[in-house]
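It should be emphasised that the depicted structure is a prediction, and the values quoted were computed from it without experimental measurement. Just so we're on the same page: letters track the sequence lines, and every chain starts at 1.
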Number of protein chains: 2
Amino acid sequence: MTKKLSIRDIGRELGISITTVSFILNGKAKEKRISAALTEKVLKFVEEVNFKPNMMAQGLRTGKSKIICLMVEDISNNLLFAQVARLIEEEAHNKGYRIIYCSTGNKKEKALELIRLFRDRSIDGYIITPPEGIENEVQSLINEGIPVVLIDRNLPKLKCSHVVIENLNSTHEAINHLISNGFKNIAFVTLDSDQTQMADRLAGYEKAVSEHGLKSYVKKLGFHESPDLNINEIVSFLDENRDIDAVFFSTNYIGVWGLQAIKILNLLIPKDIAVISFDDQDLFKFYSPSITVVAQPVPHISNHIIKLMLNALEEKDTTVHEIVLPAKLIVRESSALKNA
Amino acid sequence: MTKKLSIRDIGRELGISITTVSFILNGKAKEKRISAALTEKVLKFVEEVNFKPNMMAQGLRTGKSKIICLMVEDISNNLLFAQVARLIEEEAHNKGYRIIYCSTGNKKEKALELIRLFRDRSIDGYIITPPEGIENEVQSLINEGIPVVLIDRNLPKLKCSHVVIENLNSTHEAINHLISNGFKNIAFVTLDSDQTQMADRLAGYEKAVSEHGLKSYVKKLGFHESPDLNINEIVSFLDENRDIDAVFFSTNYIGVWGLQAIKILNLLIPKDIAVISFDDQDLFKFYSPSITVVAQPVPHISNHIIKLMLNALEEKDTTVHEIVLPAKLIVRESSALKNA
DNA sequence: AAAAAATGCTAAATCGATTTAGCGATATTT
DNA sequence: AAATATCGCTAAATCGATTTAGCATTTTTT
């Protein structure tokens, strides 16, 4: 309840100028030749009265807000993003940064609107899962010297730091696993999207299938608001292609829809149809049968993201870092040996 | 790339004082008797050059940061919190507020540390899922006139606005549902915690059980870091009480642990043991059998939270609002009529 | 017609920090 | 001993907004 302290109060209390206090608080005591004795005294006093500089004033003067924006597809929709949010939070706090979040719903317009909303609002850095079509806005952030780290997917037209996983290789490996377990008519259900992560997963599928001379069954879902419409699309697709004996869902919520579709069709996993989904989650681990997944190394990913961001912010590192991390095939019951 | 505009530039450009510009931008034109013509002219110009006031400067002068802190247990652990985060985000943005988040892990020390970190950092308001023992810090926020809305649970020692659900009644209803479906030895698995939401759920259980003269089986789990230890505790509990024919899990992650425990014990749901869990999620909906749950009205809850917060911030409404919303029993396969 | 009130606008102080330029005292060099 | 350098610290400008007090005019009242 005591009135808020300012650097001016500190100076008055100790009989010194605010300049000196500021230098000491910013670790410039040595550089500015403030005596060790005075430095010590000020730091001790500041500690005692628990003085915290006013961030607004600091921000106004320095032009830095110490705020990082985390722009994800939907923080409530994809556990991956919530987990990343959780993991980067602590490290950011340790370095004195706060994180604000926002969700684009994977909509270009929403993303543009949000970037424009935050622009000129002194956000120090952006961590973004970019929808397609926001290249220009991202580029202009970069042009202004604002650090941007893209995550989950890349914008290939841009030279911009990003942290993604080996989508092609890991999908390739997963499809090969199905093939070596005896499945021959393997379907790939994905979104009708050109985003790099989706394109790479599809490429991994196509590669494996063509290497083994198998037929390719690809279903690209439209963007329906309602899950039910998506489930219906999957039901129709599987129903019209009864020779399919295995299916790969290219992302976790498609996986969830897929399981429902399979339940509706009354198919048995893996006897009638084997299943692998991208992204692990409780549902897949505890489902009966448990579902084989390609799991992303979330802590590893998060570490890289926040390291890149903090490095760009604190060390003014403007190098473009392209981090590609391996994903892991976790084999469970849903992809067991055919007819075993 | 054009240098950032300030209110001063606007004034210079139009040949008027910054005072006038400021009044107009703050909607005080009428009140301050600025002519309609000039007001129009300024607004048009501001629109044209896309001027956005510097939030740091505004914040420094007004003492308001336009930032709300959302402090949850774990944004990645409980879908409820991620969903709330998502739903309050847009409304907050509409009113010009940003949301920063942080996770307490339900630890008192972490919560205190975070509040202290953000204190004196000009956060305009706090939305908190409070662990026990942070009453004093919350009270001192309130004393300073900073709006606080507690969510998911209450701190009964405090007069503080909160948004919770009818934990007692909804649990009572769920247990009654089990009873009327023929179950007699109903267990209640919860956390060893005095938090109000947990206490109320337990009270709802005890009430139903005692009203029907049934035996009470309550298991309070310790706080283990590892899920496996919790699962083991549930396994032992169920194994030592083989007469239990139904179990209520008091929160969603306990529900997930419980399902695993039941799988380990090779019990059939609902034949060997009926199951109800608090909080709905995909896993419960799609599980085989599907799991009966007490579902929270997440959009409804979120609406109330952000309304309360914005009202306190914008209208200076200091009334204590105690919002208690109904929860909904969603009956699924896991609680089907005994021996049906 | 003089006094009072309303109109339309602005000068300047202020919020709390950072940072540039520089001042007086002591120490070192020549 | 005078000139120079170093030491230890500070005055004042600045960031970009808000807000109080008030100054000319014009209009209304008496």
Taking CD from A/Glu31 and C1' from C/dT19, how many angstroms apart are they, rounded to a whole number? 11 Å

Phosphate-side-chain proximity, A/Ser35 and D/dC9, N/O vs OP1/OP2 below 4.0 Å: yes

To the nearest 0.5 angstrom, please state how far the SG atom of A/Cys69 sits from the CD1 atom of A/Ile128. 7.0 Å

So, is A/Gln58 close to the C/dT18 phosphate, meaning a side-chain N or O under 4.0 Å from OP1 or OP2? yes

Residue-phosphate contact under 4.0 Å: B/Ser17 side-chain N/O, C/dT10 OP1/OP2: yes

Assuming nearest nucleotide by heavy-atom distance, tell me which of A/Arg61 and B/Ala57 is located more 5' along DNA chain C. B/Ala57

Closest to the side chain of B/Asn54, out of D/dT19, D/dA17, D/dT10, is D/dA17

Looking only at the side chain of B/Thr19 (C-beta and beyond, no hydrogens), which of the listed nucleotides C/dA17, D/dG16, D/dT20 gets closest? D/dT20

Distance below 4.0 Å between A/Thr20 side-chain N/O and D/dT10 OP1 or OP2: yes

So B/Ile18, base contact, sugar-phosphate only, or nothing? Heavy-atom distance under 4.0 Å. base

C/dT7 phosphate, OP1 or OP2: any side-chain N/O from B/Lys32 under 4.0 angstrom? no

For B/Thr62, answer base if it contacts any base atom (sugar-phosphate contacts may also be present), sugar-phosphate if it contacts only those atoms, and nothing otherwise; contact means non-hydrogen atoms under 4.0 Å. sugar-phosphate

Please check the phosphate of C/dG16 (OP1 and OP2 only) for any side-chain N or O of A/Ser6 closer than 4.0 Å. no

Take atom CZ of A/Arg12 and atom P of C/dG16, then tell me their distance rounded to the nearest Å. 11 Å

Rounded off to whole Å, could you give me the CG-to-P distance for the B/Asp9 and D/dC15 pair? 11 Å

Just checking A/Lys64: base, sugar-phosphate only, or nothing, at a heavy-atom cut-off of under 4.0 Å? nothing

Winner on side-chain proximity to A/Phe23, out of C/dT19, D/dT20, D/dG16, is C/dT19

B/Glu40 has an atom CD; how far is it from atom C1' of C/dG8, in whole Å? 17 Å

For B/Lys66 and D/dA17, give me the distance from atom NZ to atom P, rounded to whole Å. 15 Å

Below the 4.0 Å mark, does C/dT18 have OP1 or OP2 next to a side-chain nitrogen or oxygen of A/Lys28? no

Carefully, step by step, assess A/Ile151 and A/His304 under the rule side-chain contact (heavy atoms from CB on, under 4.5 Å). CA-CA 10 Å; A/Ile151 64 175; A/His304 276 280; over 6 Å; no

Roughly how many Å is it from CZ in A/Arg8 to C1' in C/dA17, rounded to a whole number? 9 Å

Are any of the side-chain nitrogens in A/Glu315 or A/Lys95 under 4.0 Å away from the carboxylate oxygens of its partner? no

Regarding B/Lys30, tell me which of base, sugar-phosphate or nothing describes its non-hydrogen contacts under 4.0 Å with the strands shown. nothing

Send over the distance from A/Lys4 NZ to C/dC15 P, rounded to a whole Å. 14 Å

Before giving the answer on side-chain hydrogen bond (donor to acceptor under 3.5 Å, both in side chains), spell out for A/Glu89 and A/Tyr101 the whole-Å C-alpha distance, their side-chain angles and the decisive distance to 0.1 Å. CA-CA 11 Å; A/Glu89 169 198 335; A/Tyr101 64 87; over 6 Å; no

A/Asn106 and A/Gln195: CA distance, side-chain angles, deciding distance, side-chain hydrogen bond (donor to acceptor under 3.5 Å, both in side chains) verdict: CA-CA 10 Å; A/Asn106 210 17; A/Gln195 287 174 27; 3.0 Å; yes

Between B/Arg33 and B/Met56, which residue's closest nucleotide on DNA chain D lies nearer the 5′ terminus? B/Met56

d(CG, A/Leu38; P, D/dC7) in whole Å: 16 Å

With a 4.0 Å cut-off on N to O distance, would you call B/Lys44 and B/Glu48 a salt bridge? yes

